[in-house]
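Structure first, then comments.
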There are 2 protein chains.
Amino acid sequence: MKEVTLKQIAENLGISITTVSKALKDYKDVSKATKAAVKAEAKRLNFTPNSFAVNLRTKESKTVGLIIPEVVHHFFSSVINGIIDKAEKKGYLVIILQSNESYKLEKKQVELLISKRVDGIMISMANTTVDVGHLNHIRDLKIPLVMFDKISKLVACSKVIINDRMAAYEATKHLIDSGCKRIAHFRGALLPQNSIDRFLGYKKALEDHGLTFDPALVYICENVDYDNGRSAALQLIADGHKIDGLFAITDMAAAGAITVFKERNINVPDDISVMGFSNWFLSQAITPALSTVDQPGYEMGKKSFKLLYKEMRAKREDRYLEPVIRVLETKIIKRQSTK
Amino acid sequence: MKEVTLKQIAENLGISITTVSKALKDYKDVSKATKAAVKAEAKRLNFTPNSFAVNLRTKESKTVGLIIPEVVHHFFSSVINGIIDKAEKKGYLVIILQSNESYKLEKKQVELLISKRVDGIMISMANTTVDVGHLNHIRDLKIPLVMFDKISKLVACSKVIINDRMAAYEATKHLIDSGCKRIAHFRGALLPQNSIDRFLGYKKALEDHGLTFDPALVYICENVDYDNGRSAALQLIADGHKIDGLFAITDMAAAGAITVFKERNINVPDDISVMGFSNWFLSQAITPALSTVDQPGYEMGKKSFKLLYKEMRAKREDRYLEPVIRVLETKIIKRQSTK
DNA sequence: GTGACTTCTTTCATCGTTCCCCTATTTTGT
DNA sequence: ACAAAATAGGGGAACGATGAAAGAAGTCAC
């Protein structure tokens, strides 16, 4: 039960280790006969190169790291899907870490990936991350880095995002187009940029279409989940606001609100039209089916890896690549929760 | 911009590489003074051991592989969550691959992980996997292996599962207890054992409670998703069966069925009570909220890694560990879709 | 003074590949 | 026929860390 190594094969065939190595990699300076013999013996012994040794020599591990806030999340798991699909095709494996929205953990994980010497890193920032020193550290070490979705302008690396502001603008416009005059907004916490951008898009859409923006109609959902949506909706009702439209920052929050409306016999969409954001499974399964903004998670994952891959290749060839920013298309999905 | 190595530190301090190595690992045979000097210099230069070299020497990478059918899936992403949380605490990283329910891909991925020399492998089988040669190959190589959820009896390794049969029995019993007399079942495809087990649990519950099992009331959902649930429900109605209960193999399928029932003005739970399986987000967000079986994904992930960890430790110490099977508790979650 | 012991440090061999740089041998050109 | 070039293969030093074993230096006892 010994490990099969190049040495083993070389001894069996009475040739040098070098020749075996070259033969297996189809170097031109080995004769066909030798190559054939080596390959046959390698197959016979079921030889697989020791990747630890290869890593050490080549200084590459064909492994990339991915840090995301949460795994159990429709959008992020779609991104993971896109990343590992694409990565596998290019011969890369993906190590996944989740920051649980914690800056401290995120920082530690970055260091961990660096010490593991992954060939590249992809990250979507935790909400609580304000200092980006750890991310710039990655750049300082010349490790390829790509950020997606939750990014920071303070890090000069390639990024893949959607235009949150425009998407929110379109979502709000859809509500306006369908006749809504007083539109509330359930926004996220103050920190992640996406939450701000979506809010700004909402506000801009109102202003551009002759509706006055009323800050009282904006509610904050700390975790943008189902329960948050419920409580914001309850608060909205308790506050006695008469609205005919709601744009919620996530589908979960929208779903929570819809449940509350149903409980209170408020008809969706006749009394209040509701727009969500993300297009999770959920949105088609609830009643009424939720109109929402499709956020292309899988595409984002694929694109992110693609950019990372280019950077890794450039690095290998000692080239420098100017960071690029890719903005992916979103689209409005009209279902039954809007007219 | 050179890499910092032991050699570097040794030269700076005018001592040998070995001493540096030992000092950093707190070997007892290095003087305190030297240790302090080495540590100071290491910190000053920001030294991190080259993990490639360490891997090669120690023949360990502190990395484990995980193969699952799908990432974008509430249950599996919960398992991932449990695994990487636990793994990280023990200093292990997790490489995730998804088989997309394909046997061919799964097999390739197993070989890939073996060639990458991960310290252990965790897997939940693809539905289409019947031959388990690739899994036994893992065992032959003495690589620690743990299977979870979708397992095979033909592989002698540790496993973490739920008792699908009993859980389905309990779910069906809940329907019976709430007064249902004619209970339909939306089952999964023929292949994965879970699907069979749940079906058997359903059948047994009927028989044990004096209800006759009617094969005509069992519908097959190929992908057990929302659309499958819808079409099965439509078929059920078209077939003209009068039922007062439905046990669907997944929450998604149950949600699809409920939508159809609502469209046809069939009241849930008054006319038909519905039970799902898994307890996804979804189940609390739809109307009526879905009664279901809670499947502890996070726990399963944690437990699986724990078992793998034990095996990896045993291997390092050249001990042999008898495979164990852990059966996790499920519980019935009563919501509004059942009486 | 010499053997026996500590205590600290170095030497050396490895892990398994890769790749630069040689040496033979054969082929080609003129 | 002989220099130049092409072909085939081998030697051996890395890569960076580890650890068994040997060496050096100092301490102590009798």
Side-chain angles (χ1 to χ4, degrees), chain A residues 1-39 41-42 45-63 114-119 141 316-318, chain B residues 1-39 41-42 45-63 114-119 141 316-318:
Chain A
M1 268 305 275
K2 280 272 299 174
E3 287 282 343
V4 186
T5 66
L6 290 186
K7 192 173 165 189
Q8 182 68 246
I9 298 176
E11 277 168 9
N12 288 5
L13 263 47
I15 57 180
S16 81
I17 294 174
T18 309
T19 308
V20 175
S21 170
K22 284 179 178 173
L24 289 174
K25 316 189 91 191
D26 267 328
Y27 270 48
K28 56 256 155 247
D29 53 355
V30 175
S31 70
K32 277 193 177 153
T34 315
K35 269 184 195 168
V38 169
K39 283 179 181 167
E41 184 69 3
L45 297 179
N46 218 325
F47 168 80
T48 16
N50 182 317
S51 60
F52 295 159
V54 176
N55 290 167
L56 178 59
R57 275 304 314 217
T58 62
K59 298 184 181 307
E60 275 187 354
S61 57
K62 296 282 181 189
T63 303
I114 292 174
S115 80
K116 273 279 171 176
R117 284 177 155 74
V118 291
D119 298 344
L141 297 173
R316 214 178 311 139
E317 295 162 4
D318 256 321
Chain B
M1 267 303 278
K2 280 270 299 174
E3 286 282 344
V4 186
T5 65
L6 289 187
K7 192 173 165 189
Q8 182 68 246
I9 298 176
E11 276 169 11
N12 288 4
L13 264 46
I15 58 179
S16 82
I17 294 174
T18 308
T19 306
V20 175
S21 170
K22 286 182 175 172
L24 289 174
K25 315 189 92 192
D26 266 329
Y27 271 48
K28 56 259 156 241
D29 53 355
V30 175
S31 70
K32 278 195 178 155
T34 315
K35 268 184 195 169
V38 168
K39 282 180 181 167
E41 185 68 3
L45 298 179
N46 218 325
F47 167 81
T48 16
N50 182 317
S51 60
F52 296 159
V54 176
N55 291 167
L56 178 59
R57 271 305 314 222
T58 61
K59 298 184 182 309
E60 274 187 356
S61 57
K62 296 282 181 189
T63 302
I114 291 175
S115 80
K116 273 279 170 176
R117 285 176 154 72
V118 291
D119 298 344
L141 297 172
R316 214 178 312 139
E317 295 163 3
D318 257 320

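Just so it is clear, the model here is predicted, and its values are computed rather than measured.
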By the 4.0 Å heavy-atom rule, please label Tyr27(B) as base, sugar-phosphate, or nothing. sugar-phosphate
How many whole angstroms separate atom CG of Asn50(A) from atom P of dG16(C)? 6 Å
Under a 3.5 Å distance rule, please check whether Ser16(A) uses its side chain to pair with a backbone N or O of Thr19(A) as donor and acceptor. yes
Do side-chain atoms of Asp119(B) reach the backbone of Ser61(B) as a donor and acceptor pair under 3.5 angstrom? yes
Here's a test of your reading of the structure: between Arg57(B) and Phe47(A), which maps to the more 5' nucleotide of DNA chain C? Arg57(B)
For Lys59(B) and dA17(D), give me the distance from atom NZ to atom C1', rounded to whole Å. 13 Å
Could you list all N or O pairs between the protein and nucleotides 9-12 of chain D that sit under 3.5 Å apart?
residue, atom, partner, partner atom, Å
dG9(D), OP1, Ser31(A), OG, 3.3
dG9(D), OP1, Thr34(A), OG1, 2.7
dG9(D), OP2, Ser31(A), N, 2.5
dG9(D), OP2, Ser31(A), OG, 2.9
dG9(D), OP2, Thr34(A), OG1, 3.1
dG10(D), OP2, Ser16(A), N, 3.1
dG10(D), OP2, Ser16(A), OG, 3.1
dG10(D), OP2, Thr19(A), OG1, 2.3
dG10(D), O6, Lys22(A), NZ, 2.7
dG11(D), N7, Thr18(A), OG1, 3.3
dG11(D), O6, Thr18(A), OG1, 3.3
dG12(D), O6, Thr18(A), OG1, 2.7

Atom CZ of Arg117(B) to atom C1' of dT17(C): distance rounded to whole Å? 12 Å
Counting distance only, does the side-chain N/O of Lys35(B) pair as donor-acceptor with the main-chain N or O of Tyr27(B) below 3.5 Å? yes
Check whether any side-chain N or O of Lys22(A) sits under 3.5 Å from a backbone N or O of Ile17(A) as a donor-acceptor pair, and report yes or no. no
Does any N or O in the side chain of Ser51(B) come within less than 3.5 Å of the main-chain N or O of Ser115(A), such that one atom is a donor and the other an acceptor? yes
Starting at atom CD of Glu3(A), determine the distance to atom C1' of dT17(C), rounded to an integer number of angstrom. 14 Å
Send over the distance from Lys25(A) NZ to dT17(C) C1', rounded to a whole Å. 8 Å
Expressed as a whole number of angstroms, how long is the span from Leu24(B):CG to dA17(D):P? 9 Å
Without decimals, in angstroms, what is the distance between Phe52(A) CZ and dG16(C) P? 11 Å
Check this for me: does any side-chain nitrogen of one of Lys39(B) and Asp26(B) sit under 4.0 Å from a carboxylate oxygen of the other? yes
Mind calculating the distance between CG (Leu56(A)) and P (dT14(C)) to the nearest angstrom? 18 Å
